[in-house]
Amino acid sequence: LATALIYARCLKSLNLGRNAIQNEGIHRLKEALICNRSLQNLGLVATKITCEGAVALAEFIVESPCIQHVDLRKNAIKTGGLMALSLALKISNSVIKLELDKKAVNEKEEDSFIDTQKALLLEIRNHSKQKSSVKRKVQRSQSSSLS
């Protein structure tokens, strides 16, 4: 799959959801995802990704000029992964929507991380909403100028 991603010039969407990709699979795919210049939508729902995989995905998000939508719902991404994704979303010029679970993942070490997770999830949702709104305004402006 990684090799195919490098050479795929027209691939717009890739849904790997509900497969046990795990962190190792994300690490194997990361460089290929970065090299791909057409992928806009990446579905990774319930792929058993944790913080480690989320950090690798954050690196991909920052490097990719095309990716617009990443769906990471139903994965056990905790505070460290959410921090990396939040920062990547701020840096990325292309990502419009990053989907995550609405509830924080329980961390055994400390309950204080739950509040941090909630804040990061809210920040990511708000940033995605803001980018979506800006994209819609730009599209409306472009379509009205073409008329």
Indicate the atoms forming the closest heavy-atom contact of [X] with [Y], along with that distance.
X   : Y   : answer
C66 : S38 : SG-N, 4.2 Å
L39 : L33 : CD2-CD2, 3.6 Å
L72 : N75 : O-ND2, 3.1 Å
A32 : A2  : CB-O, 3.1 Å
L42 : L57 : CD2-CD2, 4.2 Å
L89 : V95 : CD1-CG1, 3.3 Å

Side chains of S94 and Q68: is there a donor and an acceptor less than 3.5 Å apart?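 The answer is no; no qualifying pair exists.
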
Would you tell me whether T47 and N19 have side-chain atoms, one donor and one acceptor, within less than 3.5 Å of each other?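 The answer is no; no qualifying pair exists.
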
Between D71 and R73, does the salt bridge (Lys or Arg N to Asp or Glu O under 4.0 Å) criterion hold? Intermediate values first, please. CA-CA 6 Å; D71 192 344; R73 290 173 294 152; 2.5 Å; yes

Please check if [X] and [Y] belong to a single hydrophobic cluster, counting links between Ile, Leu, Val, Met, Phe, Trp and Tyr side chain heavy atoms closer than 4.5 Å.
X    : Y    : result
L16  : I61  : yes
I49  : L121 : yes
I77  : V55  : no
L1   : I34  : yes
V105 : L98  : no

Separation of [Y] [atom2] from [X] [atom1] (nearest 0.5 Å):
X    : Y    : atom1 : atom2 : answer
E99  : L44  : CD    : CG    : 11.5 Å
K12  : Q40  : NZ    : CD    : 4.5 Å
L85  : E59  : CG    : CD    : 10.5 Å
M83  : Q117 : CE    : CD    : 9.5 Å
R28  : I21  : CZ    : CD1   : 10.5 Å
L100 : K74  : CG    : NZ    : 13.5 Å

Above 12 or not: heavy atoms from other molecules or residues under 6.0 Å from CG of N93?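 No - once you tally the heavy atoms of other residues, nucleotides and ligands closer than 6.0 Å, there are 12 at most.
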
Quick check: are there more than 12 heavy atoms from other residues, nucleotides or ligands sitting under 6.0 Å from CZ of R37?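 It does: R37 CZ has more than 12 such atoms within range.
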
Check whether any side-chain N or O of S128 sits under 3.5 Å from a backbone N or O of I124 as a donor-acceptor pair, and report yes or no.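 Confirmed, S128 side chain pairs with I124 backbone.
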
Matching residue for H127 among K129, E123, K131 - test: side-chain contact (heavy atoms from CB on, under 4.5 Å):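 Only one option passes, and that is K131.
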
Testing L29, I67, I26, N36 one by one against F60 for a side-chain contact (heavy atoms from CB on, under 4.5 Å), which residue passes?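 That would be I67.
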
I'd like to check L120 versus S86 (side-chain heavy atoms, cut-off strictly below 4.5 Å). Are they in contact?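 In contact.
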
With heavy-atom distances below 4.5 Å as the criterion, would you say the side chains of R125 and K102 are in contact?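 Yes, close enough: below the 4.5 Å cut-off.
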
Does E63 come within less than 4.0 Å of K30, counting only side-chain N to carboxylate O?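 Salt bridge flag = no for K30 with E63.
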
